[in-house]
There are 2 protein chains.
Amino acid sequence: MDKDRYHHGDLANALIAAALAAVERDGVADLSLRSLAERLGVSRAAPYRHFPDRDALLAAVAARGFEALCEGYETALATPGNGVQALRAATRFYMDFASGRPGLHGLMFHTDFLTRTPPPAVLIPPANRAYDLLMRLVSATIPDADDRARKARTITVWSTTFGFVALRAAGRFKPFMRDPLEDAEIEAAILDAVAPLGAASAASPVLEGVARGLGFLKAEALETGLQFRTDRRFDVDGAA
Amino acid sequence: MDKDRYHHGDLANALIAAALAAVERDGVADLSLRSLAERLGVSRAAPYRHFPDRDALLAAVAARGFEALCEGYETALATPGNGVQALRAATRFYMDFASGRPGLHGLMFHTDFLTRTPPPAVLIPPANRAYDLLMRLVSATIPDADDRARKARTITVWSTTFGFVALRAAGRFKPFMRDPLEDAEIEAAILDAVAPLGAASAASPVLEGVARGLGFLKAEALETGLQFRTDRRFDVDGAA
DNA sequence: TGGCAAATGTAAGCGGCGACAACATGGGGG
DNA sequence: CCCCCATGTTGTCGCCGCTTACATTTGCCA
């Protein structure tokens, strides 16, 4: 019988898989290395042969999550057409990812240990790659923007999508609304805030108008976007 | 000497204050009721006379946070002018609040126990009030929108601002960018995504166009907004 | 092929924590 | 004035992260 072997065989990966399942089932706070070890039929100290501490295991799980996220972003990037459909596909994928694996997504973004400086080393490459892919996706929708505008827009898009899935996962929307919106309705609003249809391809005059304004996505609005915004601030917002 | 009294006097509030300070200093994960009790010169079990468990104390601290947030929103709501300046002021306040008290903000939004159903009872009234105030702030910037559009826009605004402060607090932006944007630059982009200048008061034709389109804010864009979006999806987005 | 060193797993224990139970204290209302 | 009960204390249990000392297996090299 394999289970009676002294050596497990692939305890590191088994731990990651078991941790992912446990996090998905009970949340990250209730995860213990002892219970994981017991579940895998291994002694309490065995996990420490593969991960220096609990946070290192969680970081490894989160790294897998970022890799999965990158995969989704890459397939989205291959979406034909102008960049808008690609960004919408990526955003959809991200929303599905976060709602389909809430534990993993929470581990990737909510967790305290991620905020420590510096972040765990295993996390940096896949997280960097996810950011790069997102920036490419966003940049394709604002072809004429300069680098700073691309960064600002990427951060805005990232903030909106992440904020939405985080708040939804936390169940923040329904309790506060009588007659709450349908999930699909909210998702559509988020999608349109992130990558409005018609932004890079004029579909109709109305849509074109929407696209023109929405988040300074179109070239003419963008070209001097940051400048006029900065200038304006002293005139209008400075009074606030 | 007061400190030698058998009864503390106001242990409940002292615990909340000490917990807030400890969370702000070391993060929520490292907070223990024992250390709090010791710091207050009280036995380890004393806190349990005032809070049934650790989460209840944390919820009480979070409730204070939501009350502070409501205060800021209320003063923002009194900002003169059209609603845009008020929403911008509120958003500024929220960003300052989150960066000035990152521990408290994290407790209010990141914490696992908040996702449980139902949320702690002490949290519901102030959290509801914060949501209502935000919805009023947002609605003032889209005077012609109907109820569903207000809700959708509120959620979008909330997602964007929350996502931004959460990701910034987690230090997510700087590691991924060479030549990162200044904080003020990013904040300006977020502010413009949430409450663009000129949205409710036409300052210039260009700005008016921006305002018209931004997130189906104006009535004419909204009326058939959800329909055409759903229809479109099968045509354009469905290809993804 | 034989043996040895590194990799891997085990057993036991330390200190800290959340939570409960039984007991002690003292301040305010009858 | 006194006693009741909110408040605080001591003792205890179980779980956890992590470390140390020891046992077994694997794979590599002479």
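Numbered from 1 within each chain, the chains take letters A, B, ... in sequence-line order.
Here D:dC18 presents its P atom at 11 Å from CG of B:Asp30, a figure rounded to the nearest Å. Computed from coordinates, the A:Leu58 CG to D:dC16 C1' distance equals 14 Å when rounded to whole Å. Rounded to an integer number of Å, the gap from CG of A:Asp10 to C1' of D:dT26 is 15 Å. C:dG16 atom P lies 16 Å from atom CG of B:Leu31, rounded to whole Å. Residue B:Leu36 contributes atom CG, which lies 14 Å from atom P of D:dG8 at whole-angstrom precision. Per the geometry, CD belonging to B:Glu38 stands 17 Å off P belonging to D:dG8, to the nearest Å. Rounded to whole Å, atom C1' of D:dC16 lies 9 Å from atom CG of A:Leu33. In this structure, the CG atom of A:Leu15 is 12 Å from the P atom of D:dG17, given to the nearest Å.
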All N/O donor-acceptor pairs, side-chain side in residues 37-47 of chain A, below 3.5 Å, sequence neighbours left out:
none

Using residues 12-27 of chain A as the side-chain source, report each donor-acceptor pair under 3.5 Å to any protein atom, sequence neighbours left out, with the distance given to one decimal.
| unit_1 | atom_1 | unit_2 | atom_2 | d |
| --- | --- | --- | --- | --- |
| A:Asn13 | OD1 | A:Arg64 | NH2 | 2.6 |
| A:Asn13 | ND2 | A:Asp10 | OD1 | 3.2 |
| A:Asn13 | ND2 | A:Asp10 | OD2 | 3.0 |
| A:Glu24 | OE1 | A:Leu104 | N | 3.2 |
| A:Glu24 | OE2 | A:Gly103 | N | 2.3 |

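Comparing A:Ala46 and A:Arg34 against DNA chain C, the residue whose closest nucleotide sits nearer the 5' end is A:Ala46. Each of A:Arg44 and B:Arg44 was assigned the nucleotide of DNA chain D with the nearest heavy atom; the assignment lying further toward the 5' end belongs to B:Arg44.
OP1 or OP2 of D:dG8 lies within a sub-4.0 Å distance of a side-chain N or O belonging to B:His50. Applying the 4.0 Å criterion to OP1 and OP2 of D:dG17, one finds that A:Arg54 has a side-chain N or O inside that range. At the phosphate of C:dG9, neither OP1 nor OP2 sits under 4.0 Å from any side-chain N or O atom of A:Ser43.
Base-pairing analysis of DNA chain C finds the following stems of at least three consecutive Watson-Crick or G-U pairs, with both pairing distances under 3.5 Å: C:1-30 with D:1-30.
Of the listed nucleotides (C:dG9, C:dA19, C:dC20), C:dC20 has the atom at the smallest distance from the side chain of B:Ala45. Here D:dT9 is the nucleotide among D:dC18, D:dT9, C:dG18 with the atom lying nearest to any side-chain atom of B:Val42. Among the nucleotides C:dC23, C:dC17, D:dC18, the one closest to any side-chain atom of B:Arg49 is C:dC23. When distances run from any side-chain atom of B:Tyr48 to the nucleotides D:dG11, C:dG18, C:dT10, the shortest one goes to C:dG18.
Between the OG1 atom of B:Thr91 and the CG atom of B:Asp96 there is a distance of 11.0 Å, given to the nearest 0.5 Å.
Within the nucleic acid shown, A:Leu40 has no heavy atom closer than 4.0 Å to any nucleic acid atom. Within the 4.0 angstrom heavy-atom criterion, no nucleotide atom of any strand lies near B:Leu57.
For A:Ser32, the side chain to side chain donor-acceptor pair (under 3.5 Å) criterion is met by A:Ser35, not counting sequence neighbours. Partners of A:Tyr131 according to the ring pair (Phe, Tyr, Trp, His ring centres under 6.0 Å) rule, which considers only residues two or more places apart in sequence or in another chain, are A:Trp158, B:Phe176. Under the salt bridge (Lys or Arg N to Asp or Glu O under 4.0 Å) criterion, B:Glu71 pairs with no residue, sequence neighbours left out.
Relative orientation of the A:His105 and A:Tyr94 rings is perpendicular, given thresholds of 30° and 60° on the angle between their planes.
Between A:Arg136 and A:Asp132 there is no salt bridge, since no side-chain nitrogen of the basic residue lies less than 4.0 Å from a carboxylate oxygen of the acidic one.
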